[in-house]
Colleague: 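Before I ask anything, let me first share the structure, which is written out below as structure tokens.
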Amino acid sequence: MAAPRSTTPRKVFGRLSLPERTFVADALRTETVGGVLLLVAAIAALIWANVPGLHDSYASVSHFHFGPEALGLHLSVAHWAADGLLAIFFFVAGIELKRELVAGDLRDPKAAALPVVAALCGMAVPALVYTLTNLSGGGSLDGWAVPTATDIAFALAVLAVIGTSLPSALRAFLLTLAVVDDLFAILIIAVFFTDRIDFAALGGAVIGLAVFWLLLRKGVRGWYVYVPLALVIWGLMYNSGVHATIAGVAMGLMLRCTTREGEQHSPGEHVEHLVRPLSAGLAVPLFALFSAGVSVSGGAVGDVFTKPETLGVVLGLVVGKAIGIFGGTWLTARFTRASLSDDLEWADVFAVATLAGIGFTVSLLIGELAFDGDAALTDEVKAAVLMGSLIAATLATVLLKVRNAKYRRMVEAEERDEDLDGIPDIYEEDDPAYHLRMAAIYENKAAEHRRIAELKAAQRAGLAEVAGGAGEEDDRRA
């Protein structure tokens, strides 16, 4: 006879496992610092590009070319930042995706369904909003992919600046959502923004990737082997016509992200730990510095809401992202008969969906690719990305602040460690040893309080006796 099926509904946004919580906390800590640097770089770019005395120098530096022309790599500074430095960012994204697929939430199809469907809806709806806006306004459909990306670093920077405390389950959802989002953004870049293909260069890049994979399989170690090989693969990929960042994600996906006997961390985790600070602290901020420098004026801001291309980007980020992610999450929970965690409400999911409307790094990159050759429209679309991200950040700030007191209590409960063993108490509730430790702690506290009570009682009795003796002496004198 078959065992009866459990009628307990599965919870979405429930408590993370301890290893997953630790990984998410470490990853988000680095991304938060990088996000603040990204925010600073974007502000610096806007100031540099708009102050009259500095504008010309910004253009001169951005368009300054260097690199070996014989190898087809005589590029501008802005081009090096977009194609070169962002390859590091996508390399880390590839490792993150590989880890999620083999050791994280995406390993379990049921758990993976939620962020995958939410990410897909969070990309499809903004693209639809952009397309409908431009069909009705007679604009160009080339920028349909611009509002589809979420910038996790910028989103976390907003959380850091406004000082809100998102519970770990919502932060993990945001991180996993961004990983899946990056994967589909990479596919969009590879499929829709490759105009020509040099098969000889592409073949060389594929051979280089095969050598890279073979060296990893053989257990060869040493940065002096892999870094030069990675540069060769990147150069060949760039010359092939396929966007060079694809090389970064391909190499990231090849790293092993599972541990073997005797290993504390997998090679993928080790490399990610080394490269993530370089990506978040240098590569992405420098890209922002040379991509976010668009001219901003009252007229330019007004144009963002009047031209169909720019209005489509703003509406896609602000409206499309929120509706897409929230709707995808609700539908997944509805059709899998899952229920929301007892501590959360659907308003919390909508607030996170609104926060995901911050589409900075990859949106700027896709904007450059979509309108390549039209410098004026490229700058206008970049301004629209900045405006849409700013509006989404503002709305998310308001929505998250309303619930911040609740979040703070949840985070405090998640981090409480009364037995001081380095593991949050909520992960030890089923461990008898934990309860024995807590019993000993409370017994020691009770004994200490009894000792203090006895001491205070003795002191009071002594004071009363002294006071009574003084009164008798006064009577005798009288």
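The structure presented is a predicted model; accordingly, all values stated were derived computationally and were not measured. For the single chain, residues carry numbers from 1 onward in sequence order.
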Colleague: What is the minimum heavy-atom distance between V318 and G388, and which atoms define it?
Modeller: CG2-O, 3.5 Å

Colleague: Working to the nearest 0.5 Å, report the span between OG1 of T133 and CG of L315.
Modeller: 5.0 Å

Colleague: Identify the heavy atoms of P126 and G122 that sit nearest to each other, and give their distance.
Modeller: CG-O, 3.0 Å

Colleague: Drop me the distance from E272's CD to L255's CG, to the nearest 0.5 angstrom.
Modeller: 9.5 Å

Colleague: Take L85 and F89, measure what side chain to side chain contact (heavy atoms under 4.5 Å, CB included) needs, and give me the verdict at the end.
Modeller: CA-CA 7 Å; L85 292 177; F89 166 79; over 6 Å; no

Colleague: I'd like to know whether the aromatic ring centres of F290 and H63 sit less than 6.0 Å apart in this structure.
Modeller: no

Colleague: Test your reading of the model: is there a side-chain donor-acceptor pair from T176 to the backbone of F173, 3.5 Å cut-off?
Modeller: no

Colleague: Kindly indicate, with the supporting measurements, whether the criterion side chain to side chain contact (heavy atoms under 4.5 Å, CB included) is fulfilled by I95 and C257.
Modeller: CA-CA 8 Å; I95 300 175; C257 293; 4.1 Å; yes

Colleague: Have a look at I366 and tell me which of I189, V385, T361 forms a side chain to side chain contact (heavy atoms under 4.5 Å, CB included) with it.
Modeller: I189

Colleague: Check step by step if side chain to side chain contact (heavy atoms under 4.5 Å, CB included) holds for E380 and V304.
Modeller: CA-CA 7 Å; E380 290 169 354; V304 166; over 6 Å; no

Colleague: If we check side chain to side chain contact (heavy atoms under 4.5 Å, CB included) with F91, which of these qualifies: V249, T245, V271, L253?
Modeller: V271

Colleague: How are the rings of W346 and F326 set relative to one another: parallel (under 30°), tilted (30 to 60°) or perpendicular (over 60°)?
Modeller: perpendicular

Colleague: Would you say the side chain of P147 lies within less than 4.5 Å of the side chain of L317, judging by non-hydrogen atoms?
Modeller: yes

Colleague: Could you pull out the closest heavy-atom pair between V158 and A393, with the gap in Å?
Modeller: CG2-CB, 4.0 Å

Colleague: Any side-chain heavy-atom pair from L311 and T306 closer than 4.5 angstrom?
Modeller: no

Colleague: Would you find more than 12 non-hydrogen atoms of other residues, nucleotides or ligands less than 6.0 Å from F371 atom CZ?
Modeller: yes

Colleague: Check each of V116, L120, V117 against V180 using the side chain to side chain contact (heavy atoms under 4.5 Å, CB included) test, and report the only one that passes.
Modeller: V116

Colleague: Please give me the minimum heavy-atom distance between G320 and V125, naming the atom from each residue.
Modeller: O-CG1, 3.5 Å

Colleague: Heavy atoms, side chains only, cut-off 4.5 Å: are L229 and L215 in contact?
Modeller: yes

Colleague: Verify, without hydrogens or angle tests, whether E309 (side chain) and G139 (backbone) share a donor-acceptor contact under 3.5 angstrom.
Modeller: no

Colleague: Taking E269 for its side chain and S266 for its backbone only, find out whether a donor-acceptor pair lies under 3.5 Å.
Modeller: yes

Colleague: Which heavy atom of L177 sits nearest to which heavy atom of P115, and what is that distance?
Modeller: CD1-O, 3.7 Å

Colleague: Is E263 salt-bridged to R256, cutoff N-O under 4.0 Å?
Modeller: yes

Colleague: If only atom types and distance count, is the side chain of H55 paired as donor or acceptor with the main-chain N or O of A49 below 3.5 Å?
Modeller: yes

Colleague: Give, for atom CG of D181 and atom CE of M123, the distance between the pair rounded to the nearest 0.5 Å.
Modeller: 4.5 Å

Colleague: Please step through ring-ring contact (aromatic ring centres under 6.0 Å, His included) for the pair H79 and Y238, ending with a clear verdict.
Modeller: CA-CA 11 Å; H79 210 157; Y238 174 82; 5.7 Å; yes

Colleague: Is the gap between the ring centers of W48 and Y58 under 6.0 Å?
Modeller: yes

Colleague: Closer than 3.5 angstrom, by distance alone: can the side chain of S389 be matched with the main-chain N or O of L386 as a donor-acceptor pair?
Modeller: no

Colleague: Regarding D198 and S240, do their side chains bring together a donor and an acceptor under 3.5 Å, going by distance alone?
Modeller: no

Colleague: Checking T150 against K321: is there a side-chain donor and acceptor pair closer than 3.5 Å?
Modeller: yes

Colleague: Check this for me, if you would: do R403 and E345 make a salt bridge, where the nitrogen-to-carboxylate-oxygen distance has to be below 4.0 angstrom?
Modeller: yes

Colleague: With heavy-atom distances below 4.5 Å as the criterion, would you say the side chains of L101 and K98 are in contact?
Modeller: no

Colleague: Is the shortest heavy-atom distance from the side chain of D348 to the side chain of V352 under 4.5 Å?
Modeller: no

Colleague: Where does the angle between the aromatic ring planes of W234 and W80 fall among parallel (under 30°), tilted (30 to 60°) and perpendicular (over 60°)?
Modeller: parallel

Colleague: To the nearest 0.5 Å, tell me how far L365 CG sits from L369 CG.
Modeller: 4.5 Å

Colleague: Working to the nearest 0.5 Å, report the span between CG of L399 and CZ of F350.
Modeller: 6.5 Å

Colleague: For the side chain of N404 and the backbone of L400, is there at least one donor-acceptor N/O pair under 3.5 Å apart?
Modeller: no

Colleague: Please walk me through it: do W144 and L128 pass side chain to side chain contact (heavy atoms under 4.5 Å, CB included)?
Modeller: CA-CA 8 Å; W144 64 269; L128 180 62; over 6 Å; no

Colleague: Checking H65 now: which residues fulfil ring-ring contact (aromatic ring centres under 6.0 Å, His included) with it, not counting sequence neighbours?
Modeller: H74

Colleague: Working to the nearest 0.5 Å, report the span between CE of M254 and CG of L214.
Modeller: 10.5 Å

Colleague: So N239 and L73, do their side chains get closer than 4.5 Å, heavy atoms only?
Modeller: yes

Colleague: Under 3.5 Å, is there a donor on one side chain and an acceptor on the other for D83 and H243?
Modeller: yes

Colleague: Look only at the side chain of T354 and the backbone of A322, and say whether a donor-acceptor pair between them is shorter than 3.5 Å.
Modeller: no

Colleague: Among side-chain atoms of S291 and E368, is any donor-acceptor pair under 3.5 angstrom?
Modeller: yes

Colleague: Provide the closest heavy-atom pair for A244 versus A87 in the form atom of the first, atom of the second, distance.
Modeller: O-CB, 4.4 Å

